[in-house]
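Letters A, B, ... are given to chains in the order of the sequence lines, protein chains preceding strands, and every chain is numbered from 1. The model shown is predicted, which means the values in this text are computed figures rather than measured ones. For the numbers below, each heavy atom of this structure counts, side chains included, while hydrogens, waters and symmetry mates do not.
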Amino acid sequence: MPRIGASGFAALLLGFAFLYAPIGLLAIYSFNASKLVTVWGGFSTKWYWALLDNRLLLESLWVSLRVAFASASIATVLGSLAALVLARHGRFRGRTLFGAMIYAPLVMPEIVLGIALLLLFVALGLERGLLSIIIAHATLGMCFVAVLVHVRVKMLDRSLEDAAHDLGAGPFTVFFTITLPLIAPALLAGFLLAFTISLDDFVLASFLSGPGSTTLPMRVYAQVRLGVTPEVNAVSTLLLAFVGLVLLTGAAIAQRMRAV
Amino acid sequence: MKSLARRLVLAVPLLWLLAFFVAPFAIVLKLSLSRAAMARPPYEPVFNLSDGFWGLVESARQFTFDSYSLLLSDWLYLDVYVSSLRIAGLATLIALLIGYPLALAMSRAPAHWRPILIVLAIAPFWTSFLVRVYAWIVILKDEGLLNHALLGMGLIAEPLRIFATEGAVLIGLVYAYLPFTVLPIFNALDKQDSALVEAAMDLGATKTSAFWSVTFPLSLPGLYAGALLMFIPAMGEFVIPDLLGGSNDLMIGRLLWAEFFSNRDWPMASAAAIVLLGLLLAPLLLFERAQSREADT
C-alpha cells in the first residue's frame with residue numbers, strides 16, 4: 001500500500017537535496033576552468049593537475065595515508081577484542097565501567113580528547129609526531145570498531161561454535177575457523193570506518209602532530225582558512241571520491257565474503 | 001589455558017584505554033587545578049616522582065581553583081557557555097523540524113525503497129566532515145554560489161551576509177549532524193505496527209488526528225535520541241564555528257582552542273574542558289537512559 005503521498009515525496013526530495021546538493025555543487029565547481037570559484041568558465045581538469053605540483057599537499061597526503069593505515073589496523077585488533085569482551089565475558093565485575101570506557105570516546109568532543117592526549121604526551125616528556133597521532137586515532141577508532149563488531153558478535157549463532165567444540169576443536173581452533181570468518185565482514189567495515197575517520201580528522205591531529213607530521217586535513221584546513229580556491233575544491237572532491245571508492249570496495253568485499 | 005586467553009582478550013583493550021583515555025583525563029583534571037606559569041611545561045606544580053611521597057603531597061598543596069572561579073565568574077566566559085547552549089539548542093530544533101518529516105516520509109516509502117533511503121541518509125556521515133563544512137563556505141560566502149545565483153536572478157540587490165554569522169554556524173551544524181537525528185526517529189517510526197493507525201482510523205480518527213494521537217507519541221523515544229545526538233556533538237564542536245562563524249560567534253570549543261594555543265593558558269583550557277564535560281553529562285545520562293529503556297522493550 002503506497003502511503004507516501006505528495007507531501008511525503010516532497011519531504012524526501014527536499015531532505016535529500018539538502019544533504020547532497022552542497023557536496024554535489026562542490027564537485028561540479030572543482031571542474032570549473034575559471035579561477036573565480038563562483039563564475040562558471042567552462043569544463044577543465046587543470047586544478048587536479050595542479051595538485052600534482054603541490055609538494056606540501058602530496059607530502060601531507062603520504063603522512064595521512066600512513067597514519068590512517070597504522071591506526072586503523074591497531075583499532076581493528078583492539079576494537080574486536082573489546083567487542084568480544086562485551087559480547088562474551090558475561091557479567092564480570094567492572095563490565096559497566098568497561099562498556100562506558102568504550103562508549104565515552106564516541107560522544108566526547110574531539111577537542112577535549114585532543115587536549116587530554118596532548119597533556120599526556122607532555123607529562124611523559126614524549127615527542128609528538130606520527131606516533132602520537134596514530135595512538136590518538138587508534139583510540140578513537142577502536143571504539144567505533146568495538147560497537148560495529150559487538151553488534152555482529154551478538155547476532156552470531158552460538159550453536160555453530162558449540163558444534164565445533166563438541167567435535168573436539170580447541171578454543172583457538174574454534175575462534176580462528178568459526179568465529180573469525182563469521183565476523184570478518186564487521187571487521188572489514190570497522191577497519192574502513194577507522195581508516196576514513198583517521199583520514200578526515202583535523203582536531204586530534206592538530207593537537208598531536210609535531211614537526212614533519214602535518215596531515216592532509218591540517219594542510220587543507222590551513223588553506224580553507226585563507227579562502228576558497230579552485231585547488232581546495234579539487235582536493236575536497238578527490239577526498240569525497242576516495243572515501244566513496246573505499247566504501248564501495250568494502251561493500252563489494254563484504255558481499256563476496258557473505259556469499260562464500 | 002582458556003581463562004588465560006580470556007584474560008588477555010580483556011587486558012589488551014583495557015590497558016590501552018587506561019593508558020590513552022583514562023590517564024589523560026586524570027591529567028586534565030590535575031591541570032585544571034594548576035596555575036599557568038612561564039615555564040616548560042607552562043604550568044605548575046609539576047609532579048616529580050623522584051620527590052617521594054611527601055614531595056608529591058607538597059606539590060598537591062599548590063592546587064588551586066583559580067581557573068574554575070574565573071570561568072564561573074567572568075561574564076566573558078559565561079557568555080560563551082550561554083551562546084553555546086543557545087546555538088546547540090537552536091540547531092537541535094531546526095534539525096528536528098527538517099529531520100522528522102524526512103524520517104516520516106522514509107518510513108512510509110514503499111518497502112523496497114527503504115534500504116536505499118537508509119543508505120542515502122547514512123552515507124554523508126561516511127564522507128569527509130571537513131569537505132562538507134567547506135562546501136558551505138563555497139555556497140554562503142558574500143561572493144559565493146548562493147549570492148551569485150540570487151543576484152543573477154534579480155531576487156536580491158545586495159549580497160546576503162550569511163557567512164561568518166551565527167546563521168552560517170547553525171546551517172553547518174544542522175547539515176553535519178542531520179543523519180544522526182533522522183536515523184533514530186526513522187527507527188522508532190519504522191517499527192511501529194501499522195495496525196495501530198488503522199485501528200484508530202476505524203474508530204473514526206482522521207489521518208491527522210491518528211498521527212498526533214498514535215504515531216507521534218510512539219515515536220517520542222526516537223525523537224529524544226535524535227535530538228540528543230544533534231545537541232551533544234554541537235555543544236563541543238570546534239571546526240564548524242571556526243570556519244563558518246564570525247570572530248564574535250564564540251562557542252566552548254573555540255574558547256578552549258584559543259586558551260590553549262593563543263593564550264597558552266593550559267590550566268584554563270583544562271578547566272574549560274572539564275566544564276564542557278559537566279554540561280554534557282546531563283544530556284548524556286538522558287541518552288543512556290533512553291537507550292537502555294529501548295533495549296528493555
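- Heavy atoms of N147(B) lying under 4.5 Å from chain A are absent altogether.
- Between Y100(B) and F211(B), the ring-plane angle classifies as perpendicular under the 30° and 60° cut-offs.
- In this structure, chain B has a heavy atom under 4.5 Å from the side chain of F202(A), while its backbone stays farther away.
- With a 4.5 Å cut-off on non-hydrogen atoms, L118(A) touches chain B through its side chain but not through its backbone.
- Side-chain contact between I137(B) and L244(B) is present, with at least one heavy-atom pair separated by less than 4.5 Å.
- Between chain B and the options V85(A), V203(A), L78(A), heavy-atom pairs under 4.5 Å are most frequent for L78(A).
- Distance alone, capped at 3.5 Å, is enough to place a donor-acceptor pair between the N32(A) side chain and the G41(A) backbone.
- Both the backbone and the side chain of L117(B) come within contact range of chain A, judged by heavy atoms closer than 4.5 Å.
- For chain A, the nearby part of L178(B) is the side chain; its heavy atoms alone come within less than 4.5 Å.
- Among the candidates P105(A), A82(A), A136(A), P217(A), the residue making the largest number of heavy-atom pairs closer than 4.5 Å to chain B is P105(A).
- Contact of L130(B) with chain A is made through backbone and side chain together, with heavy-atom distances under 4.5 Å.
- With a 4.5 angstrom heavy-atom cutoff, A19(B) touches chain A only via backbone atoms.
- For F287(B), no part sits under 4.5 Å from any heavy atom of chain A, backbone or side chain.
- Neither the backbone nor the side chain of V133(B) comes within contact range of chain A; no heavy atom of the residue lies under 4.5 Å from a heavy atom of that chain.
- A side-chain donor-acceptor contact under 3.5 Å links S128(B) and D200(A).
- Put simply, the side chain of R114(B) does not reach to within 4.5 Å of the side chain of R108(B), judged on heavy atoms.
- For the atom pair CG (L239(A)) and CD1 (I23(A)), the distance works out to 12.0 Å, reported to the nearest 0.5 Å.
- V235(A) is not listed as a side-chain neighbour of W47(A), based on a closest heavy-atom distance of 4.5 Å or more.
- Both the backbone and the side chain of Y175(B) come within contact range of chain A, judged by heavy atoms closer than 4.5 Å.
- The shortest distance between side-chain heavy atoms of F242(A) and T196(A) does not fall below 4.5 Å.
- When each of V220(A), V232(A), L13(A) is checked for heavy-atom pairs under 4.5 Å with chain B, V232(A) comes out on top.
- Heavy-atom distances place both the backbone and the side chain of L117(A) under 4.5 Å from chain B.
- Two residues are said to be in side-chain contact when any heavy atoms from C-beta on lie closer than 4.5 Å; N233(A) and T229(A) fail this criterion.
- Near-neighbour residues of residues 229-237 of chain B relative to chain A, defined by a heavy atom under 4.5 Å from a heavy atom of that chain, comprise I232(B), G236(B).
- Comparing A11(A), G15(A), G79(A), P22(A) by how many heavy-atom pairs each has under 4.5 Å with chain B, the most go to P22(A).
- The side-chain heavy atoms of M101(A) and L14(B), taken from C-beta on, include a pair separated by under 4.5 Å.
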| request: Before giving the answer on salt bridge (charged side-chain N to carboxylate O under 4.0 Å, His left out), spell out for R254(B) and E259(B) the whole-Å C-alpha distance, their side-chain angles and the decisive distance to 0.1 Å. | output: CA-CA 9 Å; R254(B) 280 181 103 180; E259(B) 290 292 348; over 6 Å; no
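- Both the backbone and the side chain of W257(B) have a heavy atom closer than 4.5 Å to some heavy atom of chain A.
- Applying the side-chain hydrogen bond (donor to acceptor under 3.5 Å, both in side chains) definition to pairs two or more places apart or across chains, those involving residues 6-31 of chain A are S30(A)-Y48(A), S30(A)-T237(A).
- Across D242(B) and Y221(A), no two heavy atoms sit closer than the pair OD2-OH, 2.7 Å.
- Of the two parts of L10(B), the backbone and the side chain both hold a non-hydrogen atom closer than 4.5 Å to a non-hydrogen atom of chain A.
- Your options are S80(A), G8(A), A10(A), A116(A), and the one with the most heavy-atom pairs under 4.5 Å with chain B is A116(A).
- Per-residue heavy-atom pair counts under 4.5 Å with chain A were compared for F21(B), W136(B), F261(B), and the maximum is reached by F21(B).
- Distance alone, capped at 3.5 Å, places no donor-acceptor pair between the T173(A) side chain and the A169(A) backbone.
- Shortest non-hydrogen contact noted between P267(B) and S34(B) is CB-O, 3.4 Å.
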| task | Check the pair M142(A) / F144(A) against side chain to side chain contact (heavy atoms under 4.5 Å, CB included), numbers first and verdict last. | result | CA-CA 5 Å; M142(A) 77 176 273; F144(A) 280 97; over 6 Å; no
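- Chain A forms the most heavy-atom pairs under 4.5 Å with one residue out of F25(B), W266(B), F260(B), W16(B), and that residue is W16(B).
- Heavy atoms of L276(B) lying under 4.5 Å from chain A belong exclusively to its side chain.
- With a 4.5 Å cut-off on non-hydrogen atoms, L31(B) touches chain A through its side chain but not through its backbone.
- Both the backbone and the side chain of F129(B) come within contact range of chain A, with heavy atoms under 4.5 Å apart.
- Formation of a donor-acceptor pair under 3.5 Å by the R132(B) side chain with backbone atoms of P124(B) is found in this model.
- The candidate with the highest count of non-hydrogen atom pairs below 4.5 Å against chain B, out of I135(A), I102(A), L113(A), L25(A), is I135(A).
- The aromatic ring centres of F172(A) and F176(A) sit 6.0 Å or more apart.
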